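The chain is numbered in sequence order, starting from 1. Since the model is a prediction, treat every value here as computed from it, not as a measurement.
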Amino acid sequence: MGWTLKLKPHRFHPSLANCSTIPSERIWMDRLLFNRQATVHHILGGGLFADVILWRDKNVTMTILIITLASWVMFERSDYTLLSYVSNVLLLLLTILFLWAKSAQILNRPTPPIPHLQLSEETINEVATIIRDRTNTLLSVSYDVALGKDPKMFVKVAAYLVLFSFIGSLTDFHTLCYTSIIVALTVPVAYERYEAHVDSSLIKGNVKLKKLYIRFDEEFIKKIKKWILEKNKLS
């Protein structure tokens with residue numbers, strides 16, 4: 001089941017009507033989450049990838065989810081590795097199909113009903129476009145960070161790397177991959193369905209943080225700057 005997402009303009013929250021201490025609230029509220037001029041489907045790149053993540057193609061999404069859960073249980077409860085498991089399954093499947101086909105020829109029976117699987121050019125182009133765009137973005141950001149052109153991005157990248165390192169110390173790589181897939185298949189569709197409530201909560205929280213920052217700046221930062229200037233004048 002898919003949910004349709006309607007574009008709607010952001011409205012100024014009534015609780016902020018008398019808040020005159022925060023400049024340009026309307027501007028930064030409109031840019032609060034994912035640049036809200038775009039739908040969640042568009043933000044995810046559209047096409048097949050977005051359809052799977054947002055459960056527009058329920059069969060494919062459910063298949064991925066079931067396979068992920070089953071493989072996690074199997075690998076966690078057994079001594080199988082991914083390579084050994086895939087090799088054994090393929091060996092068993094090919095052996096069964098080979099014996100079936102040979103016996104069908106000898107006994108004059110129908111051959112195994114194996115469908116002719118083939119990826120369409122459209123699907124390949126969609127996946128290739130997504131990979132190309134993401135890779136080019138990553139390379140561009142890495143280039144700017146490496147040459148010191150974007151200090152803010154450097155801080156963000158460093159913070160993310162520290163976060164990933166911390167998460168990696170808490171769990172193994174396989175569990176992290178499984179958890180990431182589960183999150184990717186649940187969080188975006190949940191947000192798309194309840195986006196009005198989520199956006200409202202985030203806007204309120206961001207407003208409170210903005211007011212808290214301005215208050216901290218007025219009560220502490222400006223006083224410290226003023227004290228430093230006075231001290232420099234006296235010296």
Side-chain angles (χ1 to χ4, degrees), residues 1-7 34-35 38-143 164 171-193 195:
M1 179 176 65
W3 294 279
T4 57
L5 185 66
K6 296 181 179 179
L7 290 174
F34 300 135
N35 188 11
T39 64
V40 178
H41 189 271
H42 180 71
I43 292 171
L44 293 175
L48 178 62
F49 177 78
D51 289 341
V52 172
I53 295 297
L54 297 177
W55 291 70
R56 304 285 174 84
D57 194 336
K58 290 180 58 178
N59 294 332
V60 176
T61 307
M62 186 62 70
T63 301
I64 295 175
L65 188 61
I66 292 175
I67 291 176
T68 300
L69 293 174
S71 61
W72 180 81
V73 172
M74 182 185 63
F75 290 134
E76 289 294 321
R77 300 298 180 182
S78 65
D79 295 330
Y80 274 111
T81 61
L82 179 61
L83 181 59
S84 62
Y85 174 75
V86 172
S87 299
N88 290 333
V89 169
L90 290 177
L91 177 60
L92 178 61
L93 180 61
L94 290 176
T95 302
I96 293 174
L97 293 175
F98 178 81
L99 295 176
W100 185 353
K102 285 300 181 181
S103 62
Q105 292 176 4
I106 295 173
L107 301 175
N108 196 21
R109 297 286 185 179
T111 56
I114 302 176
H116 182 66
L117 301 177
Q118 185 177 6
L119 292 175
S120 65
E121 184 178 355
E122 180 183 358
T123 302
I124 295 296
N125 289 336
E126 287 182 0
V127 175
T129 300
I130 293 174
I131 295 176
R132 182 197 63 192
D133 292 342
R134 299 295 186 271
T135 303
N136 288 337
T137 301
L138 177 62
L139 292 176
S140 177
V141 172
S142 301
Y143 180 82
F164 292 153
T171 183
D172 59 278
F173 180 72
H174 287 160
T175 303
L176 180 62
C177 290
Y178 299 139
T179 305
S180 300
I181 294 175
I182 299 299
V183 171
L185 294 179
T186 54
V187 173
V189 68
Y191 169 73
E192 186 187 37
R193 184 173 185 180
E195 64 164 341

Query raised in the report: Excluding sequence neighbours, so at least two apart, what forms side-chain contact (heavy atoms from CB on, under 4.5 Å) with Thr179?
Result: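 side-chain contact (heavy atoms from CB on, under 4.5 Å) list for Thr179, sorted by chain: Thr175, Val183.
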Query raised in the report: Distance from Glu192 atom CD to His41 atom NE2, nearest 0.5 Å?
Result: 8.0 Å
Query - Interatomic spacing from CD1 in Ile124 to CG in Leu119 - rounded to 0.5 Å - result: 4.5 Å
Report task. Would you confirm whether Trp55, through its side chain, and Leu185, through its main-chain N or O, come within 3.5 Å as a donor-acceptor pair? Result -> yes
Query - Thr61 side-chain N/O to Lys58 backbone N/O, donor-acceptor pair under 3.5 Å - result: no
Query raised in the report: Counting heavy atoms not belonging to Tyr178, are there more than 12 under 6.0 Å from its OH?
Result: yes
Query raised in the report: What pair of heavy atoms forms the shortest contact from Ala104 to Pro110, and how long is it?
Result: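 For Ala104 and Pro110, the tightest heavy-atom pair comes out as CB-O, 3.4 Å.
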Query raised in the report: Tell me the side-chain hydrogen bond (donor to acceptor under 3.5 Å, both in side chains) pairs involving residues 123-138, sequence neighbours left out?
Result: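 Sorted result for residues 123-138: Ser120-Thr123.
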Query raised in the report: Do Ser103 and Leu99 touch side chain to side chain, with heavy atoms closer than 4.5 Å?
Result: no
Query - Within-4.5 Å side-chain heavy-atom neighbours: Val189 and Ile53 - result: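 Contact flag for Val189/Ile53 side chains = no.
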Report task. Would you please test Tyr191 and Val40 for side-chain contact (heavy atoms from CB on, under 4.5 Å) and show each step? Result -> CA-CA 9 Å; Tyr191 169 73; Val40 178; 3.5 Å; yes
Show the atom names and distances, to 0.1 Å, of all donor-acceptor pairs under 3.5 Å that link a side chain in residues 82-97 to residues at least two apart or in another chain.
residue: Ser84; atom: OG; partner: Thr81; partner atom: N; Å: 3.0
residue: Ser84; atom: OG; partner: Thr81; partner atom: O; Å: 3.0
residue: Ser84; atom: OG; partner: Thr81; partner atom: OG1; Å: 3.0
residue: Ser87; atom: OG; partner: Leu83; partner atom: O; Å: 2.8
residue: Asn88; atom: ND2; partner: Ser84; partner atom: O; Å: 3.1
residue: Thr95; atom: OG1; partner: Leu91; partner atom: O; Å: 2.7

Would you be so kind as to tabulate the donor-acceptor pairs closer than 3.5 Å made by side chains of residues 63-71, with sequence neighbours excluded?
residue: Thr63; atom: OG1; partner: Asn59; partner atom: O; Å: 2.7
residue: Thr68; atom: OG1; partner: Ile64; partner atom: O; Å: 2.7
residue: Ser71; atom: OG; partner: Ile67; partner atom: O; Å: 2.9
residue: Ser71; atom: OG; partner: Thr68; partner atom: O; Å: 2.9

